[in-house]
Amino acid sequence: MDYLRRLQERGPGPSQFVSAAPVAGGRTLHLATGYGSTAPPEPKAQGPGEVLQQLREVVYWVRMPGLGHVVVLHQADPVSTSCPARRRNGGRSACPTFRQRLSRMRTLLKVLNPLLFLILFGLYPSMTIGPKEGWQVYSSAQDADGRCICTVVAPEQNLCSRDAKSRQLRQLMEKVQNMSQSIEVLNLRTQRDFQYVIKMENQMKGLRTKFRQIEDDRKTLMTRNFQELKEKMDELQPLIPVLEQYKTDAKIISQFKEEIRNLSAVLTGIQEEIGAYDYEELHQRVISLEGRLRNCMSKLTCGKLMKITGPVTIKTSGSRFGAWMTDPMATQRNNSVWYMDSFTNNQIVREYKSMADFVSGVESRTYNLPFKWAGTNHVVYNGSLYYNKYQSNIIVKYSFETGRVLAQRALEYAGFHNAYPYTWGGFSDIDLMADELGMWAVYATNQNAGNIVISQLDPQTLEVLKTWKTEYSKRNAGESFMICGTLYITNSHLTGAKVYYSYSTKTSTYEYTDIPFHNQYFHISMLDYNARERALYGWNNGHQVLFNVTLFHVIKTEDDS
């Protein structure tokens with residue numbers, strides 16, 4: 001209405017409602033209507049008008065039949081007359097109505113609602129935490145045969161993301177809360193406008209009643225008063241559909257508020273259910289069970305190798321040949337990793353404080369050994385490194401704590417410098433290893449026709465305590481490792497390798513076995529058993545890997561002690 005008043009002030013002469021006048025191009029022209037004019041009313045225009053001049057893109061001088069003067073016409077969109085202001089790009093409205101705003105909001109929420117639930121149920125496929133999303137903890141126990149059963153299953157590392165999901169849930173709830181607040185503000189504004197329109201409706205009903213009374217008794221009123229009253233009635237007429245739309249929109253907003261309320265209740269329920277699984281509490285339970293598990297494992301006596309699974313690739317680094325290890329005698333808090341790249345012409349040992357530091361490459365210390373090493377079959381045992389001195393059959397004991405050589409001793413008759421290596425070569429003549437029973441050296445001698453010899457060593461003095469001679473050729477062995485005093489030998493370092501032969505130092509007997517394992521990167525140059533971790537450490541073609549081992553145990557219970 002303000003627009004119409006401004007247009008009236010610009011255009012000459014009185015104006016009033018007329019029918020749409022067709023012009024060239026099929027467009028329609030509407031008379032720019034003004035209200036509150038003091039000029040006497042003129043007869044209503046009849047029929048199409050004649051365009052005399054186009055003043056602007058949408059403003060014309062037009063001669064209308066039945067009028068005694070030229071009038072100003074403004075081109076309008078016939079679809080809606082509630083917003084006269086128009087953009088110049090195609091005649092679209094520049095002031096969207098409340099109905100249009102609600103229509104856009106309904107369209108937006110129709111898109112958002114399935115998206116919100118898709119996000120919700122994508123993040124939370126079920127209302128309970130599945131096996132892969134939480135810790136599974138089981139107590140240790142003994143079965144009917146007295147065997148000790150201890151199981152702790154931790155979640156997969158890449159699925160331990162409860163905290164991330166909680167953050168996403170909080171963000172989603174904040175978005176819903178913001179939407180709810182916006183709806184509330186819109187609702188208050190709508191209620192205010194709605195009250196105004198109701199008031200207008202009452203006025204309009206009164207005017208309609210009065211108008212009917214006047215129309216029934218036209219003779220008692222002057223023509224001018226009748227015309228003014230009719231104009232006011234025509235002014236209020238477009239508010240009727242607007243009022244009906246306000247009523248509909250108020251119902252829609254109420255529905256939106258109810259949907260937001262339901263969605264918030266669902267999110268709150270999910271948050272409460274997640275909160276019921278206290279991560280810290282579960283973590284403490286796992287730590288407790290881990291201690292009980294280690295106590296249970298301490299009751300296990302030595303077992304027989306049954307299966308090898310894996311490998312798990314820890315890191316890819318270094319050359320094709322090398323060694324990496326942890327100390328089986330270290331305390332539970334000491335998880336240092338030692339790394340020795342290549343099989344010769346090197347004397348640098350790198351230490352990492354933890355497996356995580358090793359993976360990320362964060363070194364804690366570097367040691368420069370006094371002698372170069374030969375091969376890849378070194379061992380860290382009780383804080384010291386044991387290795388074969390280059391171009392000799394001498395074993396060196398080096399202390400990481402003091403940085404000094406504590407002992408060195410020649411292994412009598414042992415071949416060296418590729419005299420009796422494993423199948424892959426690499427000066428792997430002397431293999432030092434440790435298991436539950438102590439330290440061992442595996443090598444070959446001329447006196448034993450190049451077949452494998454096993455010697456148990458004193459870790460302090462490197463003195464040979466006892467020796468066993470086998471009939472398995474050292475050159476035909478891929479790698480070997482000791483578990484509980486039994487030497488297990490692989491038949492190759494290449495793909496298709498398996499544990500083919502075992503020799504028990506307890507019974508001085510051997511047997512042929514068939515225990516396959518996966519040579520993932522096709523070339524194994526180091527394979528050693530760690531009694532603390534009960535795992536095989538391997539160097540597989542420049543990849544540091546771990547194999548799990550399954551042992552057949554004889555359980556020692558409290559009744560047996």
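Please read all numbers here as calculations on a predicted model, not as lab measurements.
Side-chain contact check for Y503 versus Y472: every heavy-atom pair is 4.5 Å or farther apart. Counting only heavy atoms from C-beta outward, the side chains of N335 and F358 never approach each other to under 4.5 Å. K498 has its side chain out of reach of I515: every pair of non-hydrogen atoms, C-beta onward, lies at least 4.5 Å apart. At a threshold of 4.5 Å between non-hydrogen side-chain atoms, the residues K397 and R409 do not count as touching. Proximity of W468 to S508: side-chain heavy atoms (C-beta onward) are separated by under 4.5 Å at one or more points. With contacts defined as side-chain heavy-atom distances shorter than 4.5 Å, the pair L551/I483 qualifies. K506 places none of its side-chain heavy atoms less than 4.5 Å from the side chain of C484. Contact of the L457 side chain with the V464 side chain is registered, since non-hydrogen atoms from C-beta on lie closer than 4.5 Å.
No hydrogens or angles considered: a donor-acceptor pair under 3.5 Å links the side chains of S455 and Y443. With no hydrogens or angles considered, no side-chain donor-acceptor pair links S364 and D357 at under 3.5 Å. No donor-acceptor contact under 3.5 angstrom links the side chains of D528 and N377, judged on distance only. When only modelled atom types and interatomic distance are considered, Y501 and T470 share no side-chain donor-acceptor pair under 3.5 Å. Side-chain polar atoms of H493 and T423 form a donor-acceptor pair below 3.5 angstrom. Side chain to side chain, S319 and D341 meet the donor-acceptor criterion of an N or O pair below 3.5 Å. Side chains of Y390 and N345: no donor on one and acceptor on the other come within 3.5 Å.
Between the side chain of D429 and the backbone N or O of A419 there is at least one donor-acceptor pair closer than 3.5 Å. Looking at N448, its side chain does come within 3.5 Å of a backbone N or O of N451 through a donor-acceptor pair. Checked by atom type and distance alone, the side chain of Y398 never pairs as donor or acceptor with a backbone atom of Y387 at under 3.5 Å. In this structure, W539 contributes its side chain and R320 its backbone to a donor-acceptor pair below 3.5 Å. Between the side chain of N334 and the main chain of S336, a donor-acceptor pair closer than 3.5 Å is present. Formation of a donor-acceptor pair under 3.5 Å by the R532 side chain with backbone atoms of T331 is found in this model. Remark: side-chain polar atoms of Y422 are not paired, donor with acceptor, to backbone N or O of D431 under 3.5 angstrom. One N or O on the side chain of T376 and one on the backbone of S525 form a donor-acceptor pair closer than 3.5 Å. Checking side-chain atoms of N519 against main-chain N and O of L494 turns up a donor-acceptor pair under 3.5 Å. Within the 3.5 Å criterion, the main-chain N or O of G375 finds no donor-acceptor partner in the side chain of N388.
Legend: residues meeting side-chain contact (heavy atoms from CB on, under 4.5 Å) with D435, ordered by chain and number and at least two apart, are L437, W440, M482, Y529. Taking the side-chain contact (heavy atoms from CB on, under 4.5 Å) definition, one finds that T486 meets it with Y488, S502, S504, sequence neighbours left out.
For CD of E511, the number of neighbouring non-hydrogen atoms (other residues, nucleotides, ligands) closer than 6.0 Å is greater than 12. At most 12 non-hydrogen atoms from other residues, nucleotides or ligands lie less than 6.0 angstrom from CD of E471. Other residues, nucleotides and ligands contribute more than 12 heavy atoms inside 6.0 Å of the NZ atom of K315.
Both tests hold for K389 against F371: distance to the six-membered ring centre under 6.0 Å, angle to the ring axis within 45°. A cation-pi contact, defined as under 6.0 Å to the ring centre and within 45° of the axis, is absent between K372 and F427.
We find the CG-CG distance between D327 and N382 to be 6.5 Å, quoted to the nearest 0.5 Å. One distance of note links CD1 of I524 with CZ of F517; it measures 4.0 Å at 0.5 Å rounding. The OH atom of Y420 sits 3.5 Å away from the CG atom of N446 when rounded to the nearest 0.5 Å. Between the CH2 atom in W338 and the CE atom in M325 there is a gap of 9.0 Å [rounded to 0.5 Å]. Interatomic distance, I395 CD1 to I430 CD1, rounded to the nearest 0.5 Å: 6.0 Å. For the atom pair L369 CG and M340 CE, the distance stands at 5.5 Å (nearest 0.5 Å).
H378 has its ring centre no less than 6.0 Å from the ring centre of Y386. For W324 and Y537, the ring centers sit closer than 6.0 Å to each other. Under the 6.0 Å cut-off for aromatic ring centres, F321 and W424 qualify, their centroids lying closer than that. Ring pair F547/H518: centre-to-centre distance not below 6.0 Å.
Shortest non-hydrogen contact noted between A441 and L432 is CB-CD2, 3.8 Å. For the residue pair S399 and S384, the shortest heavy atom distance occurs at CA-OG, 3.9 Å. Taking all atoms of both residues into account, the shortest heavy-atom contact from L305 to K307 is CD1-O, 3.7 Å. When every heavy atom of T326 is checked against every heavy atom of E533, the shortest pair comes out as OG1-CG, 4.3 Å. The nearest pair of heavy atoms linking S492 to A497 is O-CB, 3.2 Å. The nearest pair of heavy atoms linking Q460 to A407 is O-CB, 4.0 Å.
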**OP:** Apply side-chain hydrogen bond (donor to acceptor under 3.5 Å, both in side chains) to Y521 and T313, showing your working.
**Re:** CA-CA 10 Å; Y521 303 106; T313 302; 2.8 Å; yes
- Could you check Y500 against I489 for side-chain contact (heavy atoms from CB on, under 4.5 Å), going step by step and ending with a plain yes or no? CA-CA 6 Å; Y500 181 74; I489 302 174; over 6 Å; no
Assess the residue pair T366 and I348 against the criterion (side-chain contact (heavy atoms from CB on, under 4.5 Å)); give the C-alpha distance rounded to whole Å, side-chain angles, the decisive distance to 0.1 Å, and a yes or no.
CA-CA 7 Å; T366 300; I348 302 298; 3.4 Å; yes
* To do: List the steps, then state whether side-chain contact (heavy atoms from CB on, under 4.5 Å) holds for M433 with V379.
  => CA-CA 6 Å; M433 53 189 72; V379 63; 5.7 Å; no
Does the side-chain contact (heavy atoms from CB on, under 4.5 Å) test come out yes or no for R365 and E363, once each step is laid out? CA-CA 6 Å; R365 191 172 175 182; E363 297 180 17; over 6 Å; no
